[in-house]
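Accompanying notes for the structure given below.
So you know, we letter chains A, B, ... as the sequences are listed, proteins then strands, and number each from 1. All values derive from a computational prediction rather than experimental measurement.
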There are 2 protein chains.
Amino acid sequence: MRNHAIILPMSTDLIQRLRAAGYKITPPRLAVIEVIQREGEHLNPQEILEQAQALHAQTGRATVYRTLELLTQLGIVRPIYVGDNGPTYIRADGAHHHLVCSRCGRIVEFDACAADSMGCELESRFGFHITSHLLEFYGICPQCQTSDASQSQ
Amino acid sequence: MRNHAIILPMSTDLIQRLRAAGYKITPPRLAVIEVIQREGEHLNPQEILEQAQALHAQTGRATVYRTLELLTQLGIVRPIYVGDNGPTYIRADGAHHHLVCSRCGRIVEFDACAADSMGCELESRFGFHITSHLLEFYGICPQCQTSDASQSQ
DNA sequence: ATCACAAATGAGAATAATTCTCATTAAAGC
DNA sequence: GCTTTAATGAGAATTATTCTCATTTGTGAT
Ligand SMILES: [Mn+2]
Ligand SMILES: [Mn+2]
Ligand SMILES: [Zn+2]
Ligand SMILES: [Zn+2]
């Protein structure tokens, strides 16, 4: 049983953060981190499991859930919910912005965000150290506005 | 079988919206709407079922899920996720703002929000008709900053 | 390099959450 | 009141998540 060396230029600083917090650096954890670093967007636990297994075949489902919980606690990832499809995970650095149509579920992503400046004010007001945010606007998309407005879907 | 008249001063305009969209006004729907109107915050499907049954005893679980889906489509309610506790539902008018601690999960609610003004710009930029938003900041709360920062929980 | 030990893991069982099925009921329009 | 058809409730079925526990494996100390 020599093997299982994932040959990854893995983001060293995340490893440091894990180690600093007293957690062991294990192949499944490296795999999950790598998957989320790489893809970064909207992967659910099942998809993360599958992609992690591509890197470390023995990875188990429970471990993926445990790792996601851990990484969430450490503020490295964050669950994000689009539609009613259960949680997906994204990197918890930076910001994430959605325009969500209540009627059809279409999602538009956008970048610029006034919330960035709000962060500072909130830090002093509430004493939080803010590391990321999520801003979602809900409404009706252009396509749904033209189609008969009283009929859902 | 005469009965089951829920004696509610139920918000007439929501009834209109349901009817206008071609849906029937039924006791379970009235009950669910009433529950969410009344409480407004952070109720999960189970809690909504229980409170709805207090208004209309026969209300079934599946109907609650179906009604929440419908009301979400109509933009009347919206799922909101705090921590890993699964969805809860709030009214989808107005805005909702959270400060969330990545470490302990504490949530601080706040009001003032620069996002309100962003809405207008986004409406013209993307053609969305925006009805509500959710803005969540993630970070570390004051309590967790003082306690040993490297240890989770 | 070997060792000791607690932390971490994986398999599968157990549980919880959500959706589906289908026979029955009851709103809405006439 | 009658008809039509959407909506409902009970429970089964399915999915998602968590738990259990025997085994493995990082890690820090020899
Ligand atoms: Mn996105
Ligand atoms: Mn809230
Ligand atoms: Zn739409
Ligand atoms: Zn905290």
Side-chain angles (χ1 to χ4, degrees), chain A residues 1-6 10 15-33 43-50 52-53 55-74 79 81-89 150-153, chain B residues 1-6 10 15-33 43-50 52-53 55-74 79 81-89 150-153:
Chain A
M1 298 303 94
R2 199 67 338 226
N3 164 343
H4 74 229
I6 303 180
M10 181 76 290
I15 294 186
Q16 294 318 325
R17 287 176 65 184
L18 264 193
R19 204 189 301 278
Y23 296 102
K24 294 181 177 174
I25 309 304
T26 67
R29 283 173 177 169
L30 289 177
V32 170
I33 289 175
L43 294 176
N44 63 38
Q46 175 63 33
E47 294 165 333
I48 293 169
L49 171 64
E50 286 162 8
Q53 287 180 329
L55 296 173
H56 179 67
Q58 313 91 302
T59 306
R61 191 194 329 280
T63 298
V64 167
Y65 278 98
R66 289 185 284 230
T67 301
L68 289 173
E69 183 185 9
L70 171 62
L71 295 178
T72 299
Q73 275 256 334
L74 293 178
Y81 299 80
V82 326
D84 48 358
N85 306 122
T88 61
Y89 288 81
S150 66
Q151 221 50 335
S152 313
Q153 186 51 263
Chain B
M1 300 305 93
R2 200 69 336 228
N3 166 341
H4 73 230
I6 302 178
M10 182 75 290
I15 294 186
Q16 295 318 326
R17 288 176 64 183
L18 262 195
R19 206 190 299 279
Y23 296 103
K24 294 180 178 175
I25 310 304
T26 67
R29 282 173 178 169
L30 289 177
V32 169
I33 289 174
L43 294 175
N44 63 37
Q46 175 64 34
E47 294 164 333
I48 292 170
L49 171 63
E50 286 162 7
Q53 287 180 330
L55 296 174
H56 179 66
Q58 312 92 300
T59 306
R61 191 195 329 280
T63 297
V64 167
Y65 277 98
R66 288 186 285 231
T67 301
L68 290 173
E69 184 184 8
L70 171 60
L71 296 178
T72 299
Q73 275 257 333
L74 293 178
Y81 300 79
V82 326
D84 49 359
N85 306 122
T88 61
Y89 287 81
S150 67
Q151 221 52 335
S152 314
Q153 184 56 261

Item to complete: Say whether, by atom type as modelled, one donor and one acceptor occur between the side chain of B/Arg29 and the main chain of B/Lys24 under 3.5 angstrom.
Response: yes
Worksheet item: How do B/Arg61 and B/Ile25 order along DNA chain C: which one's closest nucleotide is nearer the 5' end?
Response: B/Arg61
Worksheet item: When the distance from CD of B/Gln58 to P of D/dT8 is rounded to whole Å, what number comes out?
Response: 12 Å
Worksheet item: What's the CD-P distance between A/Glu47 and D/dT17, to the nearest Å?
Response: 12 Å
Practice prompt. Could you tell me the separation between the CD atom of B/Glu50 and the P atom of C/dA17, rounded to a whole number of Å?
Written response: 11 Å
Worksheet item: So which one's nearest nucleotide on DNA chain C is more toward 5', A/Val64 or B/Gly86?
Response: A/Val64
Worksheet item: Ignoring hydrogens and angles, does a donor from either the side chain of B/Arg66 or the base of D/dG9 sit under 3.5 Å from an acceptor on the other?
Response: yes
Worksheet item: Rounded to whole angstroms, how far apart are NE2 on A/His56 and P on C/dT9?
Response: 9 Å
Discussion item. If you only use heavy atoms from C-beta on, which nucleotide in C/dT9, D/dT8, C/dA17 is closest to the side chain of A/Arg29?
Written reply: C/dT9
Discussion item. Quick check on C/dG10: is either OP1 or OP2 less than 4.0 Å from any side-chain nitrogen or oxygen of A/Thr63?
Written reply: yes
Worksheet item: If only side-chain N and O atoms of A/Thr26 are considered, is one of them under 4.0 Å from the OP1 or OP2 phosphate oxygen of C/dT9?
Response: yes
Discussion item. Please report the interatomic distance OG1(A/Thr67) to CD1(A/Ile33), rounded to the nearest 0.5 Å.
Written reply: 8.0 Å
Worksheet item: Are any of A/Tyr65's side-chain N or O atoms less than 4.0 Å away from OP1 or OP2 of D/dT18?
Response: no
Discussion item. I need the single residue from A/Gln53, A/Gln46, A/Arg66 that forms a side-chain contact (heavy atoms from CB on, under 4.5 Å) with A/Arg61. Which is it?
Written reply: A/Gln46
Practice prompt. Ignoring the backbone of A/Pro28, work out which of C/dG10, D/dT17, C/dT18 is nearest its side chain.
Written response: C/dG10
Worksheet entry | Separation of D/dA16 C1' from A/Asn85 CG (nearest whole Å) | 13 Å
Worksheet item: Does any non-hydrogen side-chain atom of B/Ile15 lie less than 4.5 Å from one of B/Leu30?
Response: yes
Worksheet item: Any idea which of D/dG9, C/dT18, C/dA28 is nearest the B/Arg19 side chain?
Response: C/dA28
Item to complete: Using whole Å, report how far CG of B/Leu18 lies from C1' of C/dA28.
Response: 14 Å
Practice prompt. Compare the minimum distances between each of D/dT8, C/dA8, D/dG11 and the side chain of B/Ala62, then state the nucleotide with the smallest one.
Written response: D/dG11
Fill in: Spacing of B/Leu49 atom CG relative to D/dG11 atom P, expressed in whole Å
14 Å
Worksheet item: Just by modelled atom types, is the B/Asn44 backbone N or O under 3.5 Å from a matching donor or acceptor in the B/Glu47 side chain?
Response: yes
Worksheet item: Which one, C/dA6, C/dT9, D/dT5, comes nearest to the side chain of B/Lys24?
Response: D/dT5
Discussion item. Can you measure A/Tyr81 atom OH to C/dA17 atom P for me and round it to whole angstrom units?
Written reply: 13 Å
